[in-house]
Asker: 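Structure below; questions to follow.
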Amino acid sequence: MKYWLMKSEPDEFSIDDLLNAEKQTTAWQGIRNYQARNFLRDDVQLNDLVLFYHSSCKVPAIVGVAKITQAASIDITAFDIQSKYYDAKSDPNNPRWFQVDLSYVEKFAKQLTLTELKADPALAEMVLVTKGTRLSVQPVTEQEFMHIKRLAQAS
DNA sequence: GCCAACGTTGGC
DNA sequence: GCCAACGTTGGC
């Protein structure tokens, strides 16, 4: 069992969108960064838990938890010329991009803002708060995950 | 909207 | 394979 953090712009797809989605499940498509792709393709497994993070918004924050309900599969939006995720360089015979499926688990009663997370000594090593990290799919340690769950309950 | 910090591209 | 130029991310 591994733990991850995945970023989404709430204007594009928020935790509420996941909550209200059919079967409370969504295909996590459009990852176009190699490091993130490698995590998705090679390391993310069925039933792994995911911290759902809202980025590029007024209050960047971890807002809840999701679960991996399908491991990596080919992201076909890369072949769809109509898609905003279209990538002419991804060869259908040798796909470059992958996706996973996420299902809703919980929405935190209180979101944990980036400001709070940065101020917490227990999370000093967390990839999210380390300088210069822009990864939209990133690993989270079990300790970090449990600590964040406690923070979400405490408030 | 700005811009720092990264990532990617492509000429050489 | 280097690196300048360009593109993107994402907090502020």
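Just so it is clear, the structure is predicted and the values come from calculations on it, not from any experiment. Numbered from 1 within each chain, the chains take letters A, B, ... in sequence-line order. Values reported hereafter were calculated over all heavy atoms of this structure, with side chains retained and with hydrogens, waters and symmetry mates removed.
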Asker: Enumerate the salt bridge (charged side-chain N to carboxylate O under 4.0 Å, His left out) contacts for residues 98-107 of chain A, please, sequence neighbours excluded, ordered by first and then second residue.
Answerer: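 Those involving residues 98-107 of chain A are Asp16(A)-Lys107(A), Glu106(A)-Lys149(A).
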Asker: Show the nearest heavy-atom pair for residues Pro95(A) and Asn93(A), with the distance to one decimal.
Answerer: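 Closest approach of Pro95(A) to Asn93(A): CD-C, 3.7 Å.
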Asker: Could you list all N or O pairs between the protein and nucleotides 8-11 of chain B that sit under 3.5 Å apart?
Answerer:
none

Asker: Do the side chains of Ser136(A) and Met6(A) get nearer than 4.5 Å, heavy atoms only?
Answerer: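 They are not in side-chain contact.
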Asker: Identify all side-chain donor-acceptor contacts of residues 32-41 of chain A below 3.5 Å with residues at least two apart in sequence or on another chain.
Answerer:
{"from": "Arg32(A)", "atom 1": "NE", "to": "Tyr85(A)", "atom 2": "O", "distance (Å)": "3.1"}
{"from": "Arg32(A)", "atom 1": "NH1", "to": "Asp75(A)", "atom 2": "OD2", "distance (Å)": "3.0"}
{"from": "Arg32(A)", "atom 1": "NH2", "to": "Asp75(A)", "atom 2": "OD2", "distance (Å)": "3.3"}
{"from": "Arg32(A)", "atom 1": "NH2", "to": "Thr77(A)", "atom 2": "OG1", "distance (Å)": "3.0"}
{"from": "Arg32(A)", "atom 1": "NH2", "to": "Tyr85(A)", "atom 2": "O", "distance (Å)": "3.0"}
{"from": "Asn33(A)", "atom 1": "OD1", "to": "Gln35(A)", "atom 2": "N", "distance (Å)": "3.0"}
{"from": "Asn33(A)", "atom 1": "OD1", "to": "Ala36(A)", "atom 2": "N", "distance (Å)": "2.9"}
{"from": "Tyr34(A)", "atom 1": "OH", "to": "Arg96(A)", "atom 2": "NH1", "distance (Å)": "3.0"}
{"from": "Arg37(A)", "atom 1": "NH1", "to": "Arg96(A)", "atom 2": "O", "distance (Å)": "2.7"}
{"from": "Asn38(A)", "atom 1": "OD1", "to": "Arg41(A)", "atom 2": "NH2", "distance (Å)": "3.4"}
{"from": "Asn38(A)", "atom 1": "ND2", "to": "Tyr34(A)", "atom 2": "O", "distance (Å)": "3.4"}

Asker: What's the CZ-C1' distance between Arg134(A) and dC12(C), to the nearest Å?
Answerer: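 The answer, rounded to whole Å, is 16 Å.
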Asker: Check this for me: does any side-chain nitrogen of one of Glu12(A) and Lys7(A) sit under 4.0 Å from a carboxylate oxygen of the other?
Answerer: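 Between Lys7(A) and Glu12(A) there is no salt bridge, as every charged N stays at least 4.0 Å from the carboxylate O atoms.
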